Amino acid sequence: MERHALLRNIPKIDDILRRFEKEVPHVSSALITELTRTYINELRDGILRGDIMSLPSMEAIISELKILLKKESLLNLREVINGTGVILHTNLGRACLSDEAANAAYIAAKRYSTLEYNVASGSRGSRHSHIEALLCKLTGAESAIVVNNNAAAVLLILSAIGSGGEVVISRGELVEIGGSFRMPEIMEQCACRLHEVGTTNKTHLRDFSIAIRPDTKALLKVHTSNFRIVGFTQSVPLCELSDLAHKNDIPLIQDLGSGSLIDLRPFGIHDEPTVKDSIEAGVDIVSFSGDKLLGGPQAGVIVGKARYIEKLKSHPLARAVRVDKMTLAALEATLRSYLDPRSALLTIPTLRMLTASPYELKNRAEKLCTMLQQRNLSADIIEDNTHVGGGSVPCQLLPAYVVAIMPAACSVNALEQALRGLERPIIGRITSDRYLLDVRTLWDEDFSYIAEMIGAYAR
Ligand SMILES: *Cc1c(COP(=O)(O)O)cnc(C)c1O
């Protein structure tokens with residue numbers, strides 16, 4: 001057919017719509033009209049360019065529109081399958097919640113709740129009450145408050161405690177967390193002057209003691225979450241620093257970054273101190289993230305001495321960085337799991353992934369590998385290492401068992417791209433000629449989906 005004839009014979013929009021509505025009832029007519037119009041315009045452009053030489057059948061048009069409609073209805077923020085092995089992948093949403101935490105958030109979201117209501121007295125309650133006692137029990141602190149994230153926690157602490165004076169910090173701990181969150185700039189925002197002491201590699205107690213002046217508001221310690229200085233180094237032990245602070249009647253503040261609630265050393269994670277350690281060493285205010293090693297929702301948890309936490313609660317910024325009910329519900333459920341640490345290791349995905357034994361990982365990798373081989377795919381297992389991620393545990397790699405796939409039908413890059421483009425995208429890594437999936441961050445129940453999708457593209 002020549003071009004003009006093709007253009008003349010393009011089905012009318014109304015005909016397509018009538019046909020579509022008969023097949024797929026209850027679709028927003030505005031949406032489907034828009035999709036149809038776009039489709040017809042593209043068809044016309046294709047004909048004019050000479051790319052399209054024959055018209056699609058009505059059936060083909062309808063099935064194409066169904067695909068477009070499905071794509072249109074996908075949420076932008078949706079599930080992905082994380083095959084990178086990075087447990088706290090900030091771009092993929094950091095910690096995954098336990099069932100208990102996710103259910104608590106779900107109910108808090110859908111229904112009314114006791115958020116700020118005391119059922120015993122029938123009067124107004126406090127949103128902090130739900131987690132304060134739990135946090136105190138788990139960390140040994142006197143008091144607690146939760147805000148939106150740890151960055152907000154640091155902002156609130158420095159504003160409430162440090163503003164109008166100086167805060168002393170070691171030059172080795174002037175951390176940039178990423179996303180333009182840098183300690184010196186945050187202090188500027190909080191109207192407190194940064195007093196740097198020591199050097200990059202060594203800071204002594206006397207560096208802090210001679211820095212303390214009448215307008216010194218606090219000493220600050222920042223966990224070097226995302227880097228380490230090794231070699232000829234020295235920092236001041238927490239208990240010496242807290243003694244010094246208390247002699248001068250100022251608080252010692254610590255930004256712990258991840259802040260684990262359980263000792264992870266038995267599982268081979270060495271550089272992450274627990275919150276309890278800090279409280280026992282006399283730190284007055286400790287802040288840490290909810291969605292790093294804790295394995296809960298995004299939140300900034302602050303625990304410490306009641307006299308300081310009270311100041312934070314009543315500061316005007318506290319309202320601006322107030323945590324929402326879904327987060328609080330998920331956090332309370334997560335914290336409750338920690339009352340029995342052994343069950344926490346099983347129910348909190350972050351902890352389960354972190355503490356998975358090499359034996360278990362190898363077995364799971366073999367299971368996935370076999371499922372791929374059963375589909376005639378070329379797959380084997382390689383031993384590798386992965387980071388924990390989320391700006392935590394920077395110097396330690398976890399042993400990994402990675403399933404490596406060599407596609408026959410397409411290039412490794414094409415496979416990676418195709419899996420990334422799925423409705424439920426699969427995110428893996430690429431080496432020179434193989435596509436890698438690390439089972440540590442996968443759920444076994446997704447193995448058959450993964451095998452099916454890879455089979456569809458790679459065989
Ligand atoms: C990650 C981190 C932060 C920021 O925490 P968010 O919860 O991501 O806001 C602040 N300080 C340190 C030391 C960190 O590691």
Side-chain angles (χ1 to χ4, degrees), residues 86-97 101 131 135 144-159 161-162 167 169-190 192 194 218-229 235 238 252-261 264 269-275 277-278 283 285-304 312 317-318 320-324 326-328 330-331 334-335 350 354 387-396:
V86 178
I87 301 171
L88 298 173
H89 199 303
T90 298
N91 301 144
L92 302 184
R94 282 202 193 151
C96 300
L97 295 181
I131 38 83
L135 279 167
I145 172 177
V146 175
V147 296
N148 273 333
N149 51 34
N150 190 24
V154 174
L155 191 76
L156 176 62
I157 294 168
L158 291 177
S159 300
I161 307 290
V167 171
I169 182 172
S170 158
R171 290 199 167 88
E173 297 176 3
L174 292 170
V175 179
E176 171 176 322
I177 306 305
S180 78
F181 188 88
R182 302 170 125 189
M183 262 311 152
E185 287 159 24
I186 289 303
M187 288 201 185
E188 214 169 288
Q189 286 295 318
C190 303
C192 64
L194 171 75
L219 305 183
L220 173 63
K221 194 132 178 77
V222 179
H223 184 52
T224 54
S225 308
N226 49 9
F227 71 102
R228 291 286 183 272
I229 296 173
S235 61
L238 272 183
L252 172 62
I253 301 166
Q254 187 179 28
D255 172 6
L256 250 187
S258 248
S260 181
L261 288 182
L264 292 170
I269 308 288
H270 291 284
D271 290 341
E272 289 298 335
T274 68
V275 181
D277 290 340
S278 293
V283 182
I285 308 164
V286 184
S287 79
F288 52 99
S289 291
D291 58 350
K292 289 185 181 172
L293 290 174
L294 188 72
Q298 178 188 307
V301 183
I302 310 172
V303 298
L312 305 186
L317 251 188
V321 295
R322 182 167 90 171
V323 70
D324 82 296
M326 291 179 275
T327 302
L328 269 177
L331 186 63
T334 307
L335 292 172
T350 301
L354 197 66
H387 281 284
V388 174
S392 54
V393 203
C395 293
Q396 260 187 289

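Just the heavy atoms: all of them, side chains too, but no hydrogens, waters or symmetry mates, feed the values below. Every number for a ligand or one of its atoms is a count from 1 in the order of the listing. Please read all numbers here as calculations on a predicted model, not as lab measurements.
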Start with the C-alpha distance between Gln254 and Ser278, add both sets of side-chain angles, then the distance that settles side chain to side chain donor-acceptor pair (under 3.5 Å), and finish with yes or no. CA-CA 8 Å; Gln254 187 179 28; Ser278 293; 2.5 Å; yes

Taking the side chain as everything from C-beta on, heavy atoms only, tell me whether Ser170 gets closer than 4.5 Å to Lys221. no

If you measure from the Lys or Arg side-chain nitrogens to the Asp or Glu carboxylate oxygens, is any gap between Asp271 and Arg228 under 4.0 Å? yes

Name all residues meeting the side chain to side chain donor-acceptor pair (under 3.5 Å) criterion together with Glu185; count only those two or more places apart in sequence or in a different chain, and write none if there are none. Arg182

Side chain to side chain donor-acceptor pair (under 3.5 Å) against Thr327, all qualifying residues, sequence neighbours excluded: Asp324

Anything under 3.5 Å between an N or O on ligand 1 and a protein N or O? List each pair with its distance, or write none.
unit_1, atom_1, unit_2, atom_2, d
ligand 1, 5 (O), Ser289, OG, 3.2
ligand 1, 7 (O), Asn150, N, 3.0
ligand 1, 7 (O), Ser289, OG, 2.6
ligand 1, 8 (O), Arg94, NH1, 3.0
ligand 1, 8 (O), Arg94, NH2, 2.9
ligand 1, 9 (O), Asn150, N, 3.3
ligand 1, 9 (O), Ala151, N, 2.9
ligand 1, 11 (N), Asp255, OD1, 3.2
ligand 1, 11 (N), Asp255, OD2, 2.6
ligand 1, 15 (O), Ser225, OG, 2.5
ligand 1, 15 (O), Lys292, NZ, 2.8

If you look only at distance, which donor and acceptor atoms sit under 3.5 Å apart when one is on a side chain in residues 288-295 and the other is two or more places apart or in another chain?
unit_1, atom_1, unit_2, atom_2, d
Asp291, OD1, Arg94, NH1, 3.0

